[in-house]
2 protein chains.
Amino acid sequence: MNAAAEGAGPYKGSASLSPSQQDYLKQIFLLNDTSRGATTQLLAERIGVRPASVTGMLKRLAEEGLVERAPYRAVHLTETGRRIAVELVRHHRLLEAFLSRTLGYRWDEVHEEAEALEHVISERFEQKVAELLADPDRDPHGDPIPTRELALEEDQHLRTLALLPKGSRGTIRRVTLQDQDALNLVERLDLLPGRAIEVAGIHPDGISLLVGGSRFLVPSLLAAHLLVDVAPHPSSTPPKKREGAGRPVTHEQ
Amino acid sequence: MNAAAEGAGPYKGSASLSPSQQDYLKQIFLLNDTSRGATTQLLAERIGVRPASVTGMLKRLAEEGLVERAPYRAVHLTETGRRIAVELVRHHRLLEAFLSRTLGYRWDEVHEEAEALEHVISERFEQKVAELLADPDRDPHGDPIPTRELALEEDQHLRTLALLPKGSRGTIRRVTLQDQDALNLVERLDLLPGRAIEVAGIHPDGISLLVGGSRFLVPSLLAAHLLVDVAPHPSSTPPKKREGAGRPVTHEQ
DNA sequence: GAAAAAAGTTAGCCGATCCTAATCGAGCTC
DNA sequence: GAGCTCGATTAGGATCGGCTAACTTTTTTC
Ligand SMILES: [Mn+2]
Ligand SMILES: [Mn+2]
Ligand SMILES: [Mn+2]
Ligand SMILES: [Mn+2]
């Protein structure tokens with residue numbers, strides 16, 4: 001019973017998909033990029049439904065040619081599905097930038113609002129906002145905004161703080177968290193995008209960090225969500241990778 | 001089988017209602033204000049569903065204490081229902097003002113976008129937009145924006161152009177149309193809010209109008225949707241009402 | 001004031017999306 | 001490689017908001 005014959009439906013603009021379908025595609029995209037691939041369970045957690053619901057939706061998305069899927073395996077987006085997902089990520093991050101810059105939202109407030117608006121704004125709205133903000137390339141958390149043509153900068157040079165060796169210096173570029181309390185903590189610690197940091201040491205529970213003169217422990221849980229632009233090793237320690245201090249970073253949006 | 005026992009559900013914030021339910025409440029509100037009351041058929045037309053669907057939804061809304069209803073009669077909003085409806089109208093018109101002023105939308109483009117956004121923005125968004133625009137009191141079509149406290153100016157002094165007697169002078173204040181082509185026509189004819197006009201004569205098919213030096217026929221269909229602030233009768237003709245040139249004005253939003 | 005027309009309602013149905021409970025399969029453990 | 005565990009799927013059901021077709025009530029017409 002090989003489900004999902006290839007590409008059943010005709011061309012799909014994101015417009016014809018339900019917000020729910022759009023959220024599935026977006027989460028599949030975000031999970032594929034990072035982490036261990038888009039499994040039923042991870043999707044269920046991110047989207048806030050039960051695994052059985054995910055299976056059901058994935059079947060429908062497969063029928064419409066938006067995902068490719070084999071039972072008991074992780075899903076992947078088709079090219080069509082990917083396009084819709086990236087379009088949605090553009091909406092989301094553009095909206096976050098807009099809410100922050102134009103409407104004066106705090107950075108911990110933008111995510112929730114963007115989560116709902118992303119499904120509803122027109123291409124005109126997207127266009128006008130992009131104009132107003134002069135085509136921003138980062139949202140308030142440092143996440144790259146896909147271009148109008150849906151090209152997405154890859155940030156390959158960024159490294160997770162949790163995995164940096166002692167002595168590393170660099171600049172915080174992205175904070176891949178959405179939870180308001182967590183973001184407020186990051187702000188309290190002055191670990192915002194743009195801050196210069198140095199890894200003073202490795203703890204079992206996190207990273208000892210030098211930021212703006214002070215030194216403190218950044219718990220692994222937090223360190224795993226801070227992406228750092230590492231400076232060309234000025235210190236002694238060779239920049240070799242460590243493993244296991246934190247799991248690969250993801251973040252919902 | 002007297003359906004709808006009074007006030008079943010607990011307090012409802014507009015947040016807990018589906019976009020569909022919100023649209024029903026809004027249209028009931030707009031129809032009650034004007035026109036012959038919110039009948040099943042009129043609601044069906046405005047909302048774009050079949051009459052049977054309206055009956056079904058009205059039953060559900062009655063159960064939740066948002067409308068009062070007797071079979072075969074027009075519906076009315078309860079106080080709770082009215083509050084939600086006005087909140088939605090505020091969202092809608094505030095959004096139209098925002099889209100027009102801040103994002104540079106044309107006045108014929110704002111309605112459609114606001115129609116979708118109104119259900120999705122948070123109170124924070126409403127608040128921030130109101131601040132940004134310094135609490136505007138009119139949307140681009142001249143429709144009054146309910147205040148934060150949901151007070152709605154009544155515009156009782158405005159009269160439908162279609163019903164004005166020959167010789168009346170005044171200023172166009174509201175254009176209660178949403179259709180893009182119709183709005184473009186209005187713009188072409190320079191009948192925008194703020195324009196001074198004089199009724200040069202009554203035709204069977206409309207009104208002969210003097211606007212900015214030129215004189216032309218405004219078809220009844222259009223005239224019924226132009227609300228005029230009538231100047232204290234400077235001309236001879238006593239300002240007595242005419243009937244039948246057009247039906248009472250309404251407009252969806 | 002009856003009959004016709006129009007408006008409203010009911011009954012039965014459908015698709016989308018979610019749920020719970022039960023079953024199935026993949027992959028690690030020993 | 002036989003189990004066991006955990007993740008995934010299936011089965012069955014609920015709710016929501018739409019639809020059509022048939023029926024009922026109100027309103028208009030003459
Ligand atoms: Mn979303
Ligand atoms: Mn972000
Ligand atoms: Mn709407
Ligand atoms: Mn308007």
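Protein chains get the first letters and strands the later ones, always in sequence-line order, with residue 1 at the start of each.
Heavy atoms of other residues, nucleotides or ligands lying less than 6.0 angstrom from CG of Leu150(A) number more than 12.
With sequence neighbours left out, Arg73(A) forms a side chain to side chain donor-acceptor pair (under 3.5 Å) with no residue at all. In this structure Glu113(A) satisfies the salt bridge (charged side-chain N to carboxylate O under 4.0 Å, His left out) test with no other residue, sequence neighbours excluded. Checked against side chain to side chain donor-acceptor pair (under 3.5 Å), Glu45(A) has no partners two or more places apart in sequence or in another chain. In this structure Tyr24(B) satisfies the ring pair (Phe, Tyr, Trp, His ring centres under 6.0 Å) test with no other residue, sequence neighbours excluded.
One interatomic measurement links the two molecules: CG of Leu61(B) to C1' of dG17(D), which rounds to 12 Å at whole-angstrom precision. Regarding Arg73(A), its CZ atom lies at a distance of 14 Å from the C1' atom of dG7(D), rounded to whole Å. Rounded to whole Å, the distance from CG on Leu43(A) to P on dC18(C) is 12 Å. The CD atom of Glu45(B) sits 13 Å away from the C1' atom of dA6(C) (whole-angstrom rounding). Here dG15(C) presents its P atom at 12 Å from CD of Glu63(A), a figure rounded to the nearest Å. Counting to the nearest Å, the P atom of dA7(C) and the CG atom of Leu58(B) are 17 Å from each other. The CD-C1' distance, from Gln41(B) to dT25(D), rounds to 14 Å in whole Å. Atom CD of Gln21(A) and atom C1' of dC18(C) are 14 Å apart (whole Å).
Axis angle across the helix from dG1(C)-dC30(D) to dC30(C)-dG1(D), with five pairs used at each end and values rounded to 10°: 0°.
Contact between the side-chain N/O atoms of Thr39(B) and the OP1/OP2 oxygens of dA7(C) is not found at any separation under 4.0 Å. A close approach under 4.0 Å does not occur between any side-chain nitrogen or oxygen of Lys59(A) and OP1 or OP2 of dT9(D).
Residue contacts for Thr40(B): at a heavy-atom cut-off of 4.0 Å it reaches the sugar-phosphate backbone alone, with no base atom in range.
At least one donor-acceptor pair under 3.5 Å links the side chain of His141(A) to the backbone N or O of Trp107(A). Checked by atom type and distance alone, the side chain of Gln22(B) pairs as donor or acceptor with a backbone atom of Leu17(B) at under 3.5 Å. Not a single donor-acceptor pair under 3.5 Å links the side chain of Thr39(B) to the backbone N or O of Ala74(B).
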For side-chain contact (heavy atoms from CB on, under 4.5 Å), just list the numbers for Val110(A) and Phe98(A), CA-CA rounded to whole Å, side-chain angles, deciding distance to a tenth of an Å, and then say yes or no.
CA-CA 9 Å; Val110(A) 297; Phe98(A) 168 75; over 6 Å; no

Summarise protein proximity over nucleotides 18-23 of chain D in one line of letters, 5' to 3': B for base, S for sugar-phosphate only, - for none, counting protein heavy atoms closer than 4.0 Å.
SBBB--

